[in-house]
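Just so you know, these numbers use all the heavy atoms, side chains as well, and skip hydrogens, waters and symmetry mates. Atoms within each ligand, like the ligands themselves, are counted from 1 in listed order. Each residue takes its place number in the sequence, starting with 1.
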Amino acid sequence: MKALICEAFGPIENLQLKDMPSPQPGPGQLVVQMKSAGVNFPDALMVQGKYQVKPPFPFSPGGEIAGVVKAVGTGVTRFSVGDRVMALTSTGGFAQECLTEEARTLPLPQGMDFDTGAALMLTYCTSLHALKDVGDLRPGETLVVLGAAGGVGVSAIEIGKAMGASVIAAASSEDKLAVCRQVGADETINYSTENLKDRINELTGGKGADQVYDPVGGAYTEQALRATAWRGKLLVIGFAAGEIPRIPLNLALLRERQILGVYWGDSTKHDPEGHQANLRQLEAWFVEGKIKPLVSERFPLERAREAIELIANRGVKGKIVVVND
Ligand SMILES: NC(=O)c1ccc[n+]([C@@H]2O[C@H](COP(=O)([O-])OP(=O)(O)OC[C@H]3O[C@@H](n4cnc5c(N)ncnc54)[C@H](OP(=O)(O)O)[C@@H]3O)[C@@H](O)[C@H]2O)c1
């Protein structure tokens, strides 16, 4: 079977498509024939050795997939060969066949296609955990989403709206902001051409934002934090801009602001029941039409490297997927 392989940390261009032996399921594991695999920013960081998780070599990147069960290991009770599933894999997704854990695999909901299943879990679970479990977002609150046209950004807009918030989407270009409006943002800010802090204050009538969802980092973080309301919250999601901001703590003292870290992957281990409840909530919202991952581009497995390069270079709108048609 073919797989995109990383043999050493380094530039994305070093990744190669190789023939590899088919994986064999151990106890509690499944082998899934990948149909579609979601591409996420951590894939780009991981192959370069810049992510907190450093898998042993050789490995395939790819943290979430949808596909068809090809084989099941001993002890697997919820799945049979031929079932349509979606799964969180951490690694191994950009391959024709992929090993998954039963505990991290779900039936593909009725009516959901493989691309949607592959694009849903990582970003939407992150945003629901951030906004509900960490941020406790309330209906009527104002949520500012940075990097809002990216993977987690689009999911934060849709979930913010589903939770009853008023959403201000901030991104770097007009075509990205058009995507944000398309998925439900109430207001938009182009932070390449407008002052982020001033515009948030303007759009909130001087009150400031109740919550800022920040997957970008760099200079935008402090600008957005300075435009939060009394007891406003900054949700620290990631640092796609490459720079981890150093924030003067007097900004937390002033207005009793809260700076809150979000680490969804770890949270699923600390609170597995909460994670399951969030998955059920996402499925219900999908059925009700309140959320729908925006898959903007599909790359055949042979071009998986290009997909990772695109996300590393700030070129993705919504989600892109790698497919094995
Ligand atoms: N904490 C968690 O549990 C968790 C879970 C999942 C992901 N994350 C993190 O969330 C971040 C975003 O992930 P994603 O999959 O949504 O990525 P994405 O689709 O590429 O979105 C990231 C956005 O960041 C902005 N950006 C600004 N400067 C950038 C730069 N130099 N390079 C690339 N993007 C830049 C871009 O928007 P503009 O062009 O509009 O600025 C881009 O759309 C990553 O840091 C990831 O590690 C965290």
Side-chain angles (χ1 to χ4, degrees), residues 12 37-48 50-53 61-64 88 90 93 118-135 144-159 168-181 183 185 188-194 196 213-221 223-224 234-245 259-271 275 278 293-297 307-321:
I12 296 165
V39 181
N40 295 286
F41 204 81
D43 300 326
L45 295 177
M46 200 182 281
V47 298
Q48 296 176 84
K50 295 178 180 171
Y51 194 58
Q52 56 258 36
V53 177
E64 58 181 341
L88 291 162
S90 303
L120 182 78
M121 289 172 90
L122 209 142
T123 48
Y124 283 79
C125 285
T126 297
S127 292
L128 181 55
H129 170 61
L131 296 173
K132 176 174 132 304
D133 305 334
V134 181
V144 171
V145 180
L146 307 185
V152 294
V154 163
S155 69
I157 295 174
E158 288 197 335
I159 290 173
I168 301 173
S172 65
S173 68
E174 290 306 318
D175 57 335
K176 285 188 173 184
L177 293 175
V179 167
C180 299
R181 283 189 290 273
V183 299
T188 54
I189 300 173
N190 183 337
Y191 48 43
S192 296
T193 58
E194 300 176 282
L196 183 60
Y213 180 98
D214 180 12
V216 179
Y220 299 133
T221 304
Q223 289 181 35
L234 171 72
L235 301 175
V236 181
I237 308 295
F239 314 103
E243 183 198 330
I244 299 176
I259 300 173
L260 300 166
V262 176
Y263 190 175
W264 165 71
D266 250 18
S267 78
T268 63
K269 295 174 200 146
H270 290 281
D271 181 16
H275 172 53
N278 285 355
L294 177 85
V295 177
S296 59
E297 233 175 310
I308 301 176
E309 275 164 349
L310 192 66
I311 203 162
N313 294 326
R314 209 173 177 172
V316 169
K317 296 190 192 87
K319 290 277 293 201
I320 56 175
V321 293

- Message: Tell me if the CG atom of L260 is crowded by more than 12 foreign heavy atoms within 6.0 Å.
- Response: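 It does: L260 CG has more than 12 such atoms within range.
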
Under 3.5 Å, side-chain donor or acceptor atoms of residues 309-317 against the rest of the protein: list the pairs with distances, not counting sequence neighbours.
{"from": "N313", "atom 1": "ND2", "to": "E309", "atom 2": "O", "distance (Å)": "3.0"}
{"from": "K317", "atom 1": "NZ", "to": "D175", "atom 2": "OD2", "distance (Å)": "3.3"}

- Within the protein, residues bringing a heavy atom under 4.0 Å of ligand 1, chain by chain: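 Correct list: N40, F41, P42, L122, T126, G147, G150, G151, V152, A171, S172, K176, Y191, P215, V216, I237, G238, F239, A240, A241, V262, Y263, W264, I311, A312, R314.
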
- Message: Which residues pass the side chain to side chain contact (heavy atoms under 4.5 Å, CB included) test with D133, not counting sequence neighbours?
- Response: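 So D133 forms a side chain to side chain contact (heavy atoms under 4.5 Å, CB included) with H129, N278.
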
- Message: My understanding is that only residues two or more places apart in sequence, or in another chain, count here; which of them pass side chain to side chain contact (heavy atoms under 4.5 Å, CB included) with L45?
- Response: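 L45 satisfies side chain to side chain contact (heavy atoms under 4.5 Å, CB included) with F41, K50, Y51 once adjacent residues are dropped.
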
- Evaluate the side-chain proximity of Y220 to P245: yes if any heavy-atom separation is below 4.5 Å, no if none is.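 No, side chains not in contact.
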
- Message: Exactly one of I244, I259, T221 should register a side-chain contact (heavy atoms from CB on, under 4.5 Å) with V236. Which one does?
- Response: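 Looking at I244, I259, T221, the match for V236 under the side-chain contact (heavy atoms from CB on, under 4.5 Å) is I259.
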
